[in-house]
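Just follow the structure's listing: the first ligand is 1, and inside any ligand the first atom is 1. Owing to the predicted nature of the structure, the values given are computational and were not obtained by experimental measurement.
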Amino acid sequence: MPSYPLLFDLGSAKPTTRDIANTVRVGGTAALTEAERRADQARYQEITCRSALNRVKGMPFEWTLNPYRGCTHGCHYCYARRYHVQFEMNADDEFASMILVKTNFVEVLARELERPSWTGQYIAVGTATDCYQPIEGHYKLTRRAIEALLRRRNPMGVVTKGPMVVRDTDLLVALGKLTTCTVYMSVPTVDERAWELLEPGTAHPLQRLRAVRALVDAGVNAGVLMNPIVPGISSARAKLERTVKTIADHGARFVGCNVMFLEDGTRAHFMKFLEREFPAWLPRYETLYAKKYAPEEYRKQVQGMIRVLQDRYGLTKRENAMRENRTDESREAEQVGFTW
Ligand code: SF4
């Protein structure tokens with residue numbers, strides 16, 4: 001077992017992300033000696049954050065909240081993989097096995113929401129991590145953050161693959177009565193093989209859809225994002241049709257979809273995954289993903305097919321009926337969600 005000198009000495013204070021990056025740069029993740037290993041074999045490093053609300057550019061929303069960094073769900077296509085590099089960790093196994101936990105997150109958020117300059121903008125929760133990954137059951141940072149948003153009647157949308165979101169139904173119902181509050185359950189496919197290959201640490205797709213059913217029955221505005229559709233693995237028409245039908249059968253209020261995109265960091269990881277599982281597809285993928293996005297024509301074809309299937313299984317009618325009863329603000333927030 002290698003040993004490393006003490007790389008930071010902060011007494012009882014928890015390190016910041018900068019401390020973490022400095023430590024890992026010198027000694028690798030093995031130098032994070034206080035990171036706790038849990039039964040899921042991931043390691044959890046408690047940290048302190050200076051800010052909770054994060055302003056983003058180039059996204060369809062302006063503000064995000066992420067109580068954790070890294071994600072044990074470990075989806076191979078995850079665009080958040082590349083963010084782990086900021087902490088000097090790799091976008092491969094370390095993204096899914098070394099999780100940073102912002103223990104002072106809720107207190108910092110509460111202060112930020114009280115600032116006179118904060119005007120109650122829409123907040124996207126869980127954009128660089130899954131805020132309902134299993135460790136949330138222990139820390140409850142997401143639940144407490146939603147409590148803070150509820151106190152301020154602050155509009156929000158949360159995207160997740162974690163059925164644990166059902167635990168917070170009481171808060172989501174209460175917030176939804178006051179302002180925009182939407183749950184976007186991510187279920188790219190119900191195909192078993194594609195799920196096992198692409199999303200190794202996630203709950204079964206049907207378990208996620210049962211969570212959608214439970215939320216909708218309780219009065220939460222909950223729907224499904226088929227994001228991302230992965231060419232060749234989950235894009236076959238039969239798979240798309242089965243997925244849309246199953247989503248409709250589970251009472252989702254809406255469905256959105258997008259084809260996978262690959263940015264640096266995630267791209268390298270995904271290509272390694274492809275080389276391992278489908279080596280013959282590499283040249284076709286290199287062509288399809290010569291740029292960040294698959295060609296527009298291909299994306300339009302897939303989205304067109306989804307629209308046809310939405311009509312066929314009654315989802316378009318369901319969404320239209322819902323829209324008629326909504327405010328301009330919530331309509332706008334809903335569109336924002338579709339592009340996640
Ligand atoms: S659940 Fe979301 S954040 Fe987690 S690995 Fe999968 S895509 Fe990334």
Side-chain angles (χ1 to χ4, degrees), residues 38 40-44 54 56 59 61 64-87 89-102 105 123-137 139 141-142 145 157-166 182-191 194-209 211-212 222-230 233-234 243 256-270 272-273 292 337-340:
R38 290 180 166 259
D40 59 6
Q41 291 307 305
R43 294 173 69 210
Y44 294 89
N54 180 44
V56 290
M59 302 284 260
F61 36 78
T64 64
L65 282 180
N66 290 290
Y68 309 101
R69 298 308 289 261
C71 180
T72 54
H73 288 161
C75 308
H76 292 298
Y77 51 66
C78 178
Y79 71 82
R81 284 183 173 274
R82 66 199 169 97
Y83 300 142
H84 236 44
V85 178
Q86 293 166 356
F87 314 121
M89 296 186 219
N90 69 44
D92 294 310
D93 56 320
E94 286 176 350
F95 170 78
S97 65
M98 177 54 79
I99 310 301
L100 305 182
V101 180
K102 303 175 187 175
F105 185 78
I123 298 173
V125 182
T127 54
T129 185
D130 194 318
C131 54
Y132 286 106
Q133 61 182 295
I135 197 62
E136 166 63 15
Y139 283 100
L141 294 177
T142 303
V158 57
V159 65
T160 183
K161 286 186 173 74
M164 196 194 302
V165 62
V166 170
T182 306
V183 174
Y184 301 93
M185 183 62 77
S186 166
V187 185
T189 182
V190 296
D191 182 78
W195 162 59
E196 284 169 355
L197 277 171
L198 291 166
E199 305 169 348
T202 57
H204 191 282
L206 292 184
Q207 206 183 331
R208 287 178 245 168
L209 290 176
V212 171
V224 174
L225 297 183
M226 289 172 65
N227 288 358
I229 290 166
V230 181
I233 302 181
S234 58
T243 302
C257 83
N258 259 323
V259 174
M260 180 179 72
F261 65 89
L262 290 175
E263 278 186 286
D264 287 347
T266 303
R267 169 186 291 271
H269 174 86
F270 190 84
K272 275 185 255 174
F273 156 80
K292 174 176 161 182
F338 287 159
T339 57
W340 282 22

>> Taking the basic N atoms (NZ, or NE/NH1/NH2) and the acidic carboxylate oxygens, is any pair closer than 4.0 Å for Arg82 and Asp264?
In response: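 No, this pair does not count.
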>> Could you check whether any side-chain N or O of Gln207 sits under 3.5 Å from a backbone N or O of Ala203, counting only pairs where one atom can act as donor and the other as acceptor?
In response: no
>> Looking at Thr142, is its backbone amide N or carbonyl O close enough to the side chain of Glu136 to form a donor-acceptor pair, meaning the two atoms are under 3.5 Å apart?
In response: yes
>> Could you measure the distance from the OG1 atom of Thr72 to the CZ atom of Arg43? Nearest 0.5 Å is fine.
In response: 15.0 Å
> If you look only at pairs with a residue in residues 194-203, which of them pass as a salt bridge (charged side-chain N to carboxylate O under 4.0 Å, His left out), with sequence neighbours excluded?
Replying inline: Glu199-Arg208
> Which protein N, O or S atoms sit under 2.8 Å from atom 4 (Fe) of ligand 1?
Replying inline: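 Listed by chain and number, the atoms are Cys71 SG.
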> Which atom names give the shortest non-hydrogen contact between Leu198 and Phe270, and what distance separates them?
Replying inline: CD2-CE1, 4.1 Å
> Which ligand 1 atoms does Phe95 reach within 4.0 Å, using its non-hydrogen atoms?
Replying inline: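 Reading through ligand 1 atom by atom, the close ones are 5 (S).
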>> Does the residue Tyr79 have a heavy-atom contact with ligand 1, meaning some pair of atoms that are separated by less than 4.0 Å?
In response: no
>> Students often mix this up, so state it plainly: with edges at 30° and 60°, are the rings of His76 and His269 parallel, tilted or perpendicular?
In response: parallel
